[in-house]
Amino acid sequence: MLDQKTIDIIKSTVPVLEEHGEQITTVFYKRMFENHPELLNIFNHANQKQGRQQRALAGTVYAAAKYIDNLEMILPVVNQIAHKHRSLGILPEHYPIVGKYLLLGIKEVLGDAATDEIIHAWTEAYDVIADAFISVEAEMYDEAASQNGGWKGFRPFIVANKVEESEVITSFYLKPIDGKALASFKPGQYISIKLEIEGEEFTHIRQYSLSDAPGKDYYRISVKKEAGIETPDGKVSNYLHNSVEEGEVLQISAPAGDFFLDTERDTPVVLLSGGVGLTPMVSMLNTVAELNPEKEVTFIHAALNGKVHALKEEVAATAAKAKVNSVVFYDQPTEEDRQSNSFDVEGYITKKWLKENIDLDQADFYFCGPVPFMKAVNSSLKALGVTEDRIHFEFFGPMASLEA
Ligand code: HEM
């Protein structure tokens, strides 16, 4: 337990640290990677370059510090991050390293303003916050390893099948090479892939949502080939598309994530996706269709046009079998799309369309897609009176804000 004086110091200095957030985190990461280059095997180097992760980690430490005397308040956030950490293989011994360099960043940037008293208080506070993460993550490691077909760390999987789903999205069917049982998962969860790319000094770890229902002898991911191999997601996704063929072995960590379909609720479900954001939604759709084909589901997908629209036939086939209303939006349909009637609405998903076409009073809404799509859907649903407990979403990459 921290004493009241320490708590007071922490709370009064949070705004100062937030003000210098960018500088502190830049110094923190620079020094940490200089001294522990091995950590570049776990951190997303591309996110580092962009500064997104830099802001996410330190920003969360400051946010947590505001609730240092009542950390239960931020447990949902801790839980979400802990899923990501567990999926990446973050261990207790990593925490003191982050703590040391974060403190160093604070000292270096604040200079004389960072008195011994302040540094001491922040050292204590960081330990309390780190302990909260470490204990939540320990439970998650145990849970992942103890379930049937589960495991800890990374397990080798073979690419059993590689299927092109659209001009930009390709599915990979992954089976464990030990031939043993495969852990179930909740529809909406993701796995991490750890890749060694020839000629690259460090490994790359990326998360991909599972795109089929659980209960199969494989995991399926459906990966979008991002433009430009030097962009953050481009490097790994292009490598998967261009260089990983059937028979190749990939290192995979057990399914994780707190964005998943609640299969216990008997309310109707509306699944909305933009672009490759459809992957967790298809997993949810296939799961409902298998477990509860009588459940009312609306599957709304927005894509640029038919060329980049993935898993089209699969969704149509599932919709035909279960009580699924599937609606396709194309923003820029091609002539071929028009001739083949392969979409229902031209343009974006709007508040007006949702109001006129969706029963907003009872359904649970799940959505995933690019940030502008997420912002538009989120604000439309809220404006239409959908309560927060019925709104569920997930971002790609580091968490971002949905506020305008
Ligand atoms: C991701 C916070 C400790 C490695 C994240 C994210 C947050 C965060 C907010 C983004 C989550 C998301 O995108 O969903 C924290 C806090 C920590 C902490 C508050 C300490 C109390 C650590 C430690 C390590 C670590 C000790 C390993 C040395 C990572 C990595 C990612 C991540 C690799 C993924 C993002 C990327 O690849 O760049 N963390 N973290 N974190 N964290 Fe932590």
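Numbers here are sequence positions counted from 1. Counting convention: from 1, in listed order, for ligands and their atoms alike. Note that these values count all heavy atoms, side chains included, but never hydrogens, waters or copies made by symmetry.
In summary, Asp69 and Lys11 engage in a salt bridge, as defined by a charged side-chain N under 4.0 Å from a carboxylate O.
The main-chain N or O of Val168 is found under 3.5 Å from a side-chain atom of Ser166 such that the two form a donor-acceptor pair.
Across the listed options Leu91, Val98, Ile134, Val61, Val98 owns the non-hydrogen atom lying nearest to atom 23 (C) of ligand 1. Closest to atom 24 (C) of ligand 1 by heavy atom, among Ile90, Val128, Leu40, is Ile90. The residue from Glu93, Gln207, Lys84 that puts a heavy atom closest to atom 13 (O) of ligand 1 is Lys84.
Close approach of ligand 1 to His94 (heavy-atom distance below 4.0 Å) involves ligand atoms 26 (C), 27 (C), 28 (C). The atoms of ligand 1 that sit less than 4.0 Å from any heavy atom of Phe133 are 19 (C), 21 (C). Interface atoms of ligand 1 facing Leu88, defined by a heavy-atom separation under 4.0 Å, are 30 (C), 31 (C), 33 (C), 34 (C).
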Inset, instruction - Give the intermediate values and the outcome of salt bridge (Lys or Arg N to Asp or Glu O under 4.0 Å) for residues Asp178 and Arg155. - result: CA-CA 9 Å; Asp178 58 21; Arg155 180 177 175 189; 2.9 Å; yes
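Residue contact check for ligand 1: Ile97 places no non-hydrogen atom closer than 4.0 Å to it.
Counting heavy atoms from C-beta outward, Tyr208 and Ile193 have side chains that approach closer than 4.5 Å.
Close N/O approach between His85 and ligand 1 is found [any backbone or side-chain N/O within under 3.5 Å]. When only interatomic distances are considered, the shortest N/O to N/O separation between Tyr95 and ligand 1 does not fall below 3.5 Å.
Aromatic ring pairs are classed by plane angle as parallel below 30°, tilted from 30° to 60° and perpendicular above 60°; the pair His85 and Phe133 is tilted. The aromatic rings of Phe185 and Tyr219 stand perpendicular to each other, their planes meeting at an angle above 60°, with 30° marking the opposite boundary.
More than 12 heavy atoms of other residues, nucleotides or ligands sit less than 6.0 Å from atom NE2 of His36.
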